[in-house]
Amino acid sequence: MTTPRTAIVTGAARGIGAAIALRLATDGYQVAVLDLDESTAATTVAKIADAGGHALAVGVDVSDEASSQAAVQRVADELGAPTILVNNAGITRDNLLFKLPVQDWDSVLNVHLRGAFLMVKAAQKHMTAQKFGRIVNMSSLSALGNRGQANYAAAKAGLQGFTKTVAIELGKFGVTTNAIAPGFIETEMTAATAERIGIPFEEFKAGAAAQIPVGRVGQPEDVAHLVSFFVSEGAGFVNGQIVYLSGGPNN
Ligand SMILES: NC(=O)c1ccc[n+]([C@@H]2O[C@H](COP(=O)([O-])OP(=O)(O)OC[C@H]3O[C@@H](n4cnc5c(N)ncnc54)[C@H](O)[C@@H]3O)[C@@H](O)[C@H]2O)c1
């Protein structure tokens, strides 16, 4: 039997990242669960172990060069060379442009955009060496523009250009790079948005669902399903694509 491939999922302590980590473990990969705090990442690792999978919790700040390099090295040492990378870690610091602090511009750009760059930079050598790799970046429907999210929209649109360029540069090494741009997904991130604007979460979700052609908001497992496809062996000719995963034709 061949050794299972190693997958890294960032921001996998909860929400969409946790669902992706669980799905990839169920698909048979060894999964490195990366998040800011190793102890919170360990809760996802425990769920994977309960389901019969194999995972490792690693603390990392993806926006820090030394931290991201050390995390990827630890994964390579303890699980094996990572050939799958899902850049999912993210934060929001929403505000209207005129009162958006410069620091909140920087922190959002740093986690999403600089973080994805640093993680790809650290992981790509393991992929090119094996002539196989799968990179998935988490963009957002907000890349098309969203009131109160100038920083987040810029980061998520930037990730799309980054995705297409990495796809061009690494394609010849058997490494594909794609992005998912989810619409409304039910997680703590969207719950926090509802709280910030003072609407009960159930009401916020119902309002969103009414605007979505399939008549419901998305679940983390919806995103995990598409990641599962992108990282599969058979998806080697799908490269540099952005899929809007929003229950409708929103792009
Ligand atoms: N929820 C949605 O509706 C939605 C829609 C589109 C895109 N997204 C994107 O999907 C991704 C996951 O979103 P979510 O809703 O699960 O969010 P979430 O807030 O529930 O989870 C994000 C995770 O990222 C981790 N994280 C934050 N900064 C980090 C850093 N510097 N280094 C490592 N880990 C870090 C957090 O600790 C957290 O566990 C994000 O990139 C988000 O922008 C979410």
Side-chain angles (χ1 to χ4, degrees), residues 8-23 32-45 57-72 75 85-94 104 106-119 122 136-144 146 149 151-160 162-163 179-196 201 204-205 208-209 211-212 216-224 226-227 242-247 250-251:
I8 291 177
V9 185
T10 70
R14 68 181 202 189
I16 294 170
I20 294 168
L22 273 160
R23 173 61 188 263
V33 176
L34 271 61
D35 211 292
L36 278 174
D37 184 351
E38 187 172 323
S39 64
T40 53
T43 60
T44 302
V45 168
V58 179
V60 67
D61 176 356
V62 295
S63 67
D64 181 87
E65 186 180 8
S67 177
S68 56
Q69 280 176 352
V72 171
V75 173
L85 169 63
V86 184
N87 284 309
N88 166 82
I91 59 169
T92 51
R93 296 288 182 270
D94 297 352
D104 287 354
D106 289 342
S107 55
V108 168
L109 270 285
N110 281 345
V111 174
H112 294 274
L113 204 46
R114 180 181 156 94
F117 161 66
L118 291 173
M119 288 299 298
V136 181
N137 296 318
M138 208 54 68
S139 180
S140 169
L141 186 57
S142 295
L144 300 174
N146 197 24
Q149 291 199 311
N151 49 1
Y152 186 79
K156 293 306 201 184
L159 272 174
Q160 297 192 9
F162 177 64
T163 297
I180 300 173
F184 191 119
I185 308 295
E186 183 176 349
T187 68
E188 289 179 53
M189 185 179 272
T190 37
T193 304
E195 197 176 331
R196 184 175 53 79
F201 194 34
F204 189 57
K205 282 190 291 179
Q211 306 295 320
I212 298 172
R216 66 171 177 91
V217 299
Q219 295 299 322
E221 292 72 23
D222 291 314
V223 184
L226 184 53
V227 171
I242 317 295
V243 174
Y244 282 85
L245 186 75
S246 54
N250 294 93
N251 57 322

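Read the numbers this way: they start at 1 and go in the same order the structure lists the ligands and their atoms. A quick note: this is a predicted structure, and the numbers were derived from the prediction, not measured.
Looking only at heavy atoms of the protein, atom 38 (C) of ligand 1 is closest to Asp35 OD2, 3.6 Å. For atom 44 (C) of ligand 1, the closest non-hydrogen atom on the protein side is Ile16 CD1, 3.6 Å. Nearest protein neighbour of atom 10 (O) of ligand 1, counting heavy atoms only, is Met138 CG, 3.4 Å. Here the protein heavy atom with the shortest distance to atom 27 (C) of ligand 1 is Gly90 O, 3.5 Å. For atom 33 (C) of ligand 1, the nearest non-hydrogen atom of the protein is Val60 O, 3.4 Å. In this structure, the protein non-hydrogen atom closest to atom 42 (C) of ligand 1 is Tyr152 OH, 3.4 Å. Annotation: atom 19 (O) of ligand 1 to nearest protein heavy atom, Arg14 NH2, 2.7 Å. For atom 14 (P) of ligand 1, the closest heavy atom belonging to the protein is Thr187 OG1, 3.7 Å.
Counting heavy-atom neighbours within 6.0 Å of Gln219 CD, excluding the residue itself, gives a total above 12.
With Thr92 contributing its side chain and Asp94 its backbone, the two residues share no donor-acceptor pair below 3.5 Å. The backbone N or O of Asp61 lies less than 3.5 Å from a partner atom in the side chain of Ser67, making a donor-acceptor pair. The backbone N or O of Ala179 sits nowhere less than 3.5 Å from a side-chain atom of Thr163 that would complete a donor-acceptor pair. Remark: the backbone N or O of Asn110 is not paired with any side-chain donor or acceptor of Ser63 at under 3.5 angstrom. Not a single donor-acceptor pair under 3.5 Å links the side chain of Ser68 to the backbone N or O of Met119. No donor-acceptor distance shorter than 3.5 angstrom exists from the side chain of Ser139 to the backbone of Ile180, with no hydrogens or angles considered. Judged by distance alone, the side chain of Lys156 and the main-chain N or O of Leu144 form no donor-acceptor pair under 3.5 Å.
Of the N or O atoms in Leu34, none lie within a sub-3.5 Å distance of an N or O in ligand 1. At a 3.5 angstrom cut-off on N or O pairs, Asn88 counts as close to ligand 1. Considering backbone and side-chain N/O of Ala13, none are found under 3.5 Å from N/O of ligand 1. Note: no N/O pair closer than 3.5 Å links Thr190 and ligand 1 by distance alone. On a distance-only criterion, Lys156 and ligand 1 share at least one N/O pair closer than 3.5 Å.
Using a 4.0 Å cut-off to heavy atoms of Asp61, the atoms of ligand 1 that qualify are 30 (C), 31 (N), 32 (N). Per-residue contacts place Pro182 under 4.0 angstrom from the following atoms of ligand 1 (heavy atoms of the residue considered): 5 (C), 6 (C), 7 (C). When each atom of ligand 1 is checked for a heavy atom of Gly15 under 4.0 Å away, the hits are 16 (O).
With hydrogens and angles left out, the side-chain atoms of Thr40 and Asp35 include no donor and acceptor closer than 3.5 Å.
Residue contacts with ligand 1 leave out Ala18, since none of its heavy atoms falls under 4.0 Å from the ligand. Contact between Ser139 and ligand 1 is present, with at least one heavy atom of the residue lying under 4.0 Å from the ligand. Ligand 1 has Ile91 within reach: a non-hydrogen atom of the residue lies less than 4.0 Å from it. Residue contact annotation: His112 has a non-hydrogen atom under 4.0 Å from ligand 1.
For Phe184, the ring pair (Phe, Tyr, Trp, His ring centres under 6.0 Å) partners are Phe204, not counting sequence neighbours.
Both the backbone and the side chain of Leu36 come within 4.0 Å of ligand 1, counting heavy atoms alone.
Asp104 contributes atom CG, which lies 11.0 Å from atom CG of Leu109 (distance to the nearest 0.5 angstrom). A distance of 11.0 Å separates OG1 of Thr44 from CZ of Arg14, quoted to the nearest 0.5 Å.
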Residues Ile20, Met138; criterion side chain to side chain contact (heavy atoms under 4.5 Å, CB included); working and verdict: CA-CA 11 Å; Ile20 294 168; Met138 208 54 68; 3.7 Å; yes
